[in-house]
Amino acid sequence: VGTEQRPAEAVASLERGIALLGQGSGLPARRVQRACDRILIRRRGFPRYWHVPRVIVIGADELQGASSGSGALILVYEATHARLQRLGLTASRFGIDRLERACVKRERWVAATFEGTFDWVGFVDQRAHGEGWSRAVVRRRFREDLLGRGLPAWLAGLLARLATFRHPK
């Protein structure tokens, strides 16, 4: 686990999440290990998987105050993206909605294995039935992420309009 500026709370939350994935059969933890070489915690931004360096990137703002289950589910979701991408199932070929549904399905499966009183499957369902993954929503999220990185609004808007959100061949 690497960080830009080691936010201790985010690292601790993620470490608890990794330990939670290792409980039981340990299959989700092994899948995360196979999916990536590193986990990078950035100061802010949406969770994502970077294919070329095999890195799962998570924004510290996603992990601040989050429970271990939430961090674990983010890892499962992004590791599923990585696995599908390795199989050649990218958003441009498979369709972004189908890709996201596959990731949520795996996330629900892992959430059902968590013990405790909190309804993790309900948590996944509530988050999954949000705005959806239309091109407009993805572009808006991409623009917000660029603005969060300090790009001027005009440049973030231009890049969001020009982005194709396809995996390069």
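Note that these values count all heavy atoms, side chains included, but never hydrogens, waters or copies made by symmetry.
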When rounded to the nearest 0.5 angstrom, what is the spacing between [atom1] in [X] and [atom2] in [Y]?
| X | Y | atom1 | atom2 | answer |
| --- | --- | --- | --- | --- |
| R31 | T80 | CZ | OG1 | 7.5 Å |
| E107 | I74 | CD | CD1 | 8.5 Å |
| H81 | E78 | NE2 | CD | 5.5 Å |

Looking only at non-hydrogen atoms, find the nearest pair between [X] and [Y] and report the distance.
| X | Y | result |
| --- | --- | --- |
| A72 | G17 | CB-O, 3.4 Å |
| W120 | S70 | CH2-N, 3.4 Å |
| L20 | G69 | CD2-CA, 3.6 Å |

Is [Y] close to [X] at the side-chain level, that is, under 4.5 Å between some pair of heavy atoms?
| X | Y | value |
| --- | --- | --- |
| I41 | V57 | no |
| I39 | L14 | yes |
| I56 | L40 | no |
| F114 | L73 | yes |

Exercise. What residues form a side chain to side chain contact (heavy atoms under 4.5 Å, CB included) with A153, not counting sequence neighbours?
Worked result: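 Residues passing side chain to side chain contact (heavy atoms under 4.5 Å, CB included) with A153: R143, L147.
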Problem set entry | Counterpart residues, salt bridge (charged side-chain N to carboxylate O under 4.0 Å, His left out), relative to R54 (two or more places apart) |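 If we apply the salt bridge (charged side-chain N to carboxylate O under 4.0 Å, His left out) test to R54, skipping adjacent residues, the hits are D37.
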Exercise. Which residues pass the salt bridge (charged side-chain N to carboxylate O under 4.0 Å, His left out) test with R108, sequence neighbours left out?
Worked result: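 By the salt bridge (charged side-chain N to carboxylate O under 4.0 Å, His left out) rule, R108 matches D125.
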For this session: Show the numbers, then the answer: is there a side-chain contact (heavy atoms from CB on, under 4.5 Å) between L84 and C103?
Result: CA-CA 9 Å; L84 292 173; C103 293; 4.3 Å; yes
For this session: Give a yes or no on whether L75 and V121 share a hydrophobic cluster (residues Ile, Leu, Val, Met, Phe, Trp, Tyr; joining criterion: side-chain heavy atoms under 4.5 Å apart).
Result: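 As far as the 4.5 Å side-chain criterion goes, V121 and L75 are not connected within one cluster.
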